[in-house]
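Read through the structure below, which is laid out as structure tokens, and then see the notes.
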Amino acid sequence: MKKVRSVEEAIRYIKSGSSLMVGGFGGIGNPPTLIKAILESGVDELTLICNDAGFPHIGVGQIITEGRAARLIASHIGSNPNAGKFMHEDKLDIEFSPQGTLVERIRAGGVGLGGILTDIGVNGLVAEGKEKVVVDGKAFLIETPLTADISIVYAKKADEFGNLIFDKSARNTNPLVAMAGTITIAEAEEIVPVGELNPEEIVTPGAFVDIVVKSEGVNWAWAWE
Amino acid sequence: MKKVRSVEEAIRYIKSGSSLMVGGFGGIGNPPTLIKAILESGVDELTLICNDAGFPHIGVGQIITEGRAARLIASHIGSNPNAGKFMHEDKLDIEFSPQGTLVERIRAGGVGLGGILTDIGVNGLVAEGKEKVVVDGKAFLIETPLTADISIVYAKKADEFGNLIFDKSARNTNPLVAMAGTITIAEAEEIVPVGELNPEEIVTPGAFVDIVVKSEGVNWAWAWE
Amino acid sequence: MGMGVSVREAIAKRAAEEIKDGMIINLGIGIPTLVANYIPADVNVMFHTENGVLGMGPAPLKGEEDANLCNAGGIPITVVPGASYFDSTLAFGITRRGLLDITILGAFEVSEKGDLANWIVPGKIVSGMGGAVDLAQKAKKVVVLMNHTDKHGNPKIVRECTLPLTAEKCVDLIITDMAVIEVTEQGLSLLEVEASYTVEDVMKATGAEFHVADLVK
Amino acid sequence: MGMGVSVREAIAKRAAEEIKDGMIINLGIGIPTLVANYIPADVNVMFHTENGVLGMGPAPLKGEEDANLCNAGGIPITVVPGASYFDSTLAFGITRRGLLDITILGAFEVSEKGDLANWIVPGKIVSGMGGAVDLAQKAKKVVVLMNHTDKHGNPKIVRECTLPLTAEKCVDLIITDMAVIEVTEQGLSLLEVEASYTVEDVMKATGAEFHVADLVK
């Protein structure tokens with residue numbers, strides 16, 4: 001049950017054409033070391049699933065900027081003009097979900113549900129192409145679950161069993177993404193022996209995590225800097 | 001935003017005929033002081049929503065034993081023979097859900113979803129009377145959300161804004177039930193001023209909690225004692 | 001939105017009057033962000049951000065930013081006593097469950113029925129709805145802050161929105177550089193006119209009819 | 001189940017052989033609970049309980065029980081290093097996601113296709129399915145521990161279950177007081193016969209046909 005691996009070993013599971021789900025929100029909470037290694041590995045044609053397209057040179061945004069994604073499932077791309085440009089040029093296929101729906105779809109995939117019913121967007125553009133059901137006289141959209149070949153997340157601490165805790169608002173989508181990968185790789189600022197984390201403070205139980213790697217820290221300048 | 005009240009004030013919201021959702025699992029994590037006060041208040045004809053029927057003289061089981069519930073939505077009643085007896089005598093109407101489905105229904109109610117899709121029980125008795133949908137060629141049951149007029153939960157600590165942390169396996173269904181009440185009353189072993197809980201350790205944000213009361217501690221002998 | 005600083009501030013200041021003690025609040029980006037600066041010290045509220053914080057505080061001092069503590073726009077924040085961190089499903093759980101007392105947003109168009117368009121601009125690249133649909137559809141009170149007209153002088157308050165809707169019948173109050181208008185079951189109702197304009201000025205700049213019976217200033 | 005202590009222990013001991021290093025395990029009540037006592041010290045596993053603990057340890061010493069630390073049956077437990085507490089949706093998320101390597105359960109009947117009936121007994125009051133459907137349907141490996149026959153000597157391994165099913169085609173292995181039988185795509189396969197019985201004894205006590213080609217002892 002010792003899951004600590006080198007970054008090189010970990011990213012071997014990510015291949016051209018893989019679906020890759022990435023934790024984080026507006027760059028915050030994206031795993032920097034894994035993203036850097038993925039870029040260096042040369043994989044492309046990825047299906048990216050992420051809250052947003054980040055910023056052009058921050059976090060998951062770099063995967064888009066470097067043209068490594070063929071498809072993106074997200075709620076927002078406004079902060080990364082490259083995503084919009086590539087979409088416009090038919091180089092990137094994008095599926096949008098309302099943010100609250102997107103994170104529930106990821107959670108549904110992560111906990112093995114067949115989907116969720118929600119009235120968010122039921123009367124608008126969001127509903128296009130989606131099945132509706134009526135429950136107790138009220139219409140809901142069927143929103144399907146999301147999973148991925150590989151999930152990558154960013155944690156404050158991991159133990160060797162893969163139990164994770166997160167850091168402030170960098171928690172965001174990370175605990176959800178951690179559950180939704182067929183293989184989940186957690187990048188942690190600190191890796192501790194089993195037993196060092198308080199069972200009460202663990203957010204993601206190690207059952208959901210397959211590989212733990214040590215973070216080398218953030219390698220980009222923040223948008224606000 | 002100071003939500004601390006006396007038990008007497010708090011339980012005034014619970015009336016005969018109310019739907020009452022109770023946190024806990026096999027008695028563990030049921031709120032003892034609120035249950036005692038509810039019994040003393042004389043309310044009946046309650047619709048109880050709870051993981052299980054507890055034990056005859058432990059936790060939520062007492063509400064059933066004393067004949068205060070007209071209806072029960074639960075996953076299991078095996079440890080409280082009174083529940084089965086009253087069901088058999090047509091004094092108690094019971095709706096069963098598989099445990100994993102029940103807790104997802106409570107969560108769905110708590111986070112404002114219209115329901116969930118699951119394949120648990122899709123080919124068996126569980127499916128009786130439920131709508132099925134086919135998503136990507138696979139059949140799922142539509143399971144509806146659960147909410148209640150009042151939710152009562154048991155916490156280790158609450159602050160005056162209603163932020164909650166729980167105790168070990170007494171967490172169980174409590175964070176879910178806390179979200180699903182139109183009015184949520186939290187019974188806490190300890191009530192602390194706002195700012196004393198670490199924002200990382202809070203499990204239930206105060207937004208979901210309306211009233212906080214001080215626990216007088218468990219007033220029953222455990223089944224294993 | 002091409003407004004002067006003092007106009008933006010005036011709108012934010014007026015919006016702050018809608019905020020009452022004990023509220024849970026989500027502020028959109030742009031002018032709505034400024035509203036926090038005008039809430040009186042004795043009004044205690046909790047700010048919600050959809051990435052996963054309840055209890056946002058003011059911006060940190062320069063040099064004290066924490067890259068792991070930001071709002072949904074990626075801007076560094078602080079937290080107040082009583083704050084909590086959680087994952088994004090819980091943030092939207094609070095929203096969908098109707099626990100946001102108020103959300104304050106920008107808009108391209110608002111219809112007389114309270115329909116909101118603040119998502120897609122024709123001819124521009126679609127940037128995605130983010131959390132706008134969730135917020136507009138589920139907050140207890142939706143307040144829109146915007147210029148009364150677009151840069152060509154065309155009304156942004158209209159009978160029917162021409163742009164795709166973010167959500168139907170969701171807006172409760174519109175605060176602009178010219179007026180404060182309430183959306184009621186009976187239609188629009190003019191509550192206030194900015195000192196340098198007349199009711200006639202507001203009528204000309206508005207693409208829908210409104211009642212003036214409830215005018216308070 | 002009306003078995004002697006040594007038979008219960010023999011079954012639990014045999015079941016423990018199915019447990020491999022690194023597994024995540026859910027044990028049902030009754031004999032399955034005893035399995036934990038027979039796992040070798042060098043086999044590291046994590047026990048899951050559906051109320052919301054991963055990493056259950058042995059029972060506490062008498063007098064050291066904690067009312068807020070119990071398993072799904074309400075019995076006091078301890079935790080091992082690496083354990084975590086979570087709400088019940090996450091406990092069943094682990095189950096539905098297929099992360100339980102093995103679950104060990106009791107049964108009333110098992111069919112030759114691996115259908116499991118362990119929920120409703122006719123004539124008795126229905127007690128509800130609890131987590132049995134989730135566990136039977138979603139664990140990677142489902143092992144049933146039971147007496148080979150009921151108290152009247154009737155087979156519990158049958159061609160078709162007569163009782164309502166907990167889940168279809170879910171059982172992988174049946175361990176009884178008489179034998180170990182695997183459920184395969186080609187039907188039942190007898191793997192082991194307990195020393196005091198013959199293959200013929202097992203045939204007579206079984207309500208379905210089985211292959212004996214793979215008999216190992």
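Only heavy atoms go into these numbers, but all of them, side chains included; no hydrogens, no water, no symmetry mates. Numbers restart at 1 for each chain; the letters A, B, ... are given by sequence-line order, proteins then strands. Given the structure is predicted, the values throughout are model-derived calculations rather than measurements.
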Most chain D-contacting option - heavy-atom pairs closer than 4.5 Å, from Ala74(B), Gly78(B), Pro98(B)
Pro98(B)
Sort Ile77(D) into side chain, backbone, both or neither according to what part of it lies under 4.5 angstrom from a heavy atom of chain B.
neither
Toward chain B: residues of residues 58-66 of chain D with heavy atoms under 4.5 Å:
Glu65(D), Asp66(D)
For the interface with chain D, which of Asp119(B), Thr173(B), Thr101(B), Ile106(B) has the highest count of heavy-atom pairs at distances below 4.5 Å?
Asp119(B)
Considering all heavy atoms, the nearest Cys70(D)-Ser169(B) contact:
N-OG, 2.9 Å
Given Leu165(D), Val79(D), Leu69(D), the one with more heavy-atom pairs under 4.5 angstrom with chain B than any other is Leu69(D)
So what's closer than 4.5 Å to chain D heavy atoms on Ile120(B): side chain, backbone, both or neither?
both
Under a 4.5 Å heavy-atom cut-off, does chain B meet the side chain of Glu50(D), its backbone, both or neither?
both
Whether over 12 other heavy atoms sit under 6.0 Å from Glu185(D) CD:
no
Contact origin within Ser79(B) toward chain D - heavy atom pairs under 4.5 Å
neither
Counting only heavy atoms not in Ile29(D), do more than 12 fall under 6.0 Å of its CD1?
no
Does any heavy atom of chain B fall under 4.5 Å from the side chain of Ala83(D), the backbone, both, or neither of them?
neither
Sort by residue number and list every member of residues 86-93 of chain D having a non-hydrogen atom under 4.5 Å from chain B.
Phe86(D), Asp87(D), Ser88(D), Thr89(D), Phe92(D)
More than 12 foreign heavy atoms under 6.0 Å from NZ of Lys20(D): is that the case here?
yes
If one checks every heavy atom of Asn51(B) against chain D at 4.5 Å, the contacting part turns out to be neither
For Lys85(B), is it the side chain, the backbone, both, or neither that has a heavy atom closer than 4.5 Å to a heavy atom of chain D?
backbone
If we ignore hydrogens and angles and just use 3.5 Å, is the side chain of Gln99(B) paired with the main-chain N or O of Ala132(D) as donor and acceptor?
no
Of the backbone (N, CA, C, O) and the side chain (C-beta and beyond), which part of Phe166(B) lies under 4.5 Å from a heavy atom of chain D, both, or neither?
neither
Closest-packed option against chain B by number of heavy-atom pairs under 4.5 Å, given Gly74(D), Ala67(D), Ala167(D)
Ala67(D)
Enclosure of Lys113(D) NZ (heavy-atom neighbours >12, cutoff 6.0 Å)
yes
Quick check on the interface: out of Gly52(D), Ser84(D), Gly130(D), Pro164(D), who has the most heavy-atom pairs with chain B under 4.5 Å?
Gly130(D)
For residues Asn172(B) and Asn51(D), is any side-chain donor paired with an opposing acceptor at under 3.5 Å?
no
Partner chain D: residue of Gly26(B), Ala53(B), Gly121(B) with the largest heavy-atom pair count (under 4.5 Å)
Gly121(B)
Top of Thr95(D), Leu135(D), Asn71(D), Val126(D) for chain B proximity - count of heavy-atom pairs under 4.5 angstrom
Val126(D)
Residues of residues 122-138 of chain B contacting chain D, heavy-atom criterion under 4.5 Å, by residue number
Asn123(B), Leu125(B), Val126(B)
Please classify the contact of Pro175(B) with chain D as side chain, backbone, both or neither, using a heavy-atom distance under 4.5 Å.
side chain
Can you list the residues of residues 200-225 of chain B that sit under 4.5 Å from chain D, counting heavy atoms only?
Trp222(B), Trp224(B)
Minimum heavy-atom separation for Lys168(B) to Asn68(D), with atom names?
CB-O, 3.2 Å
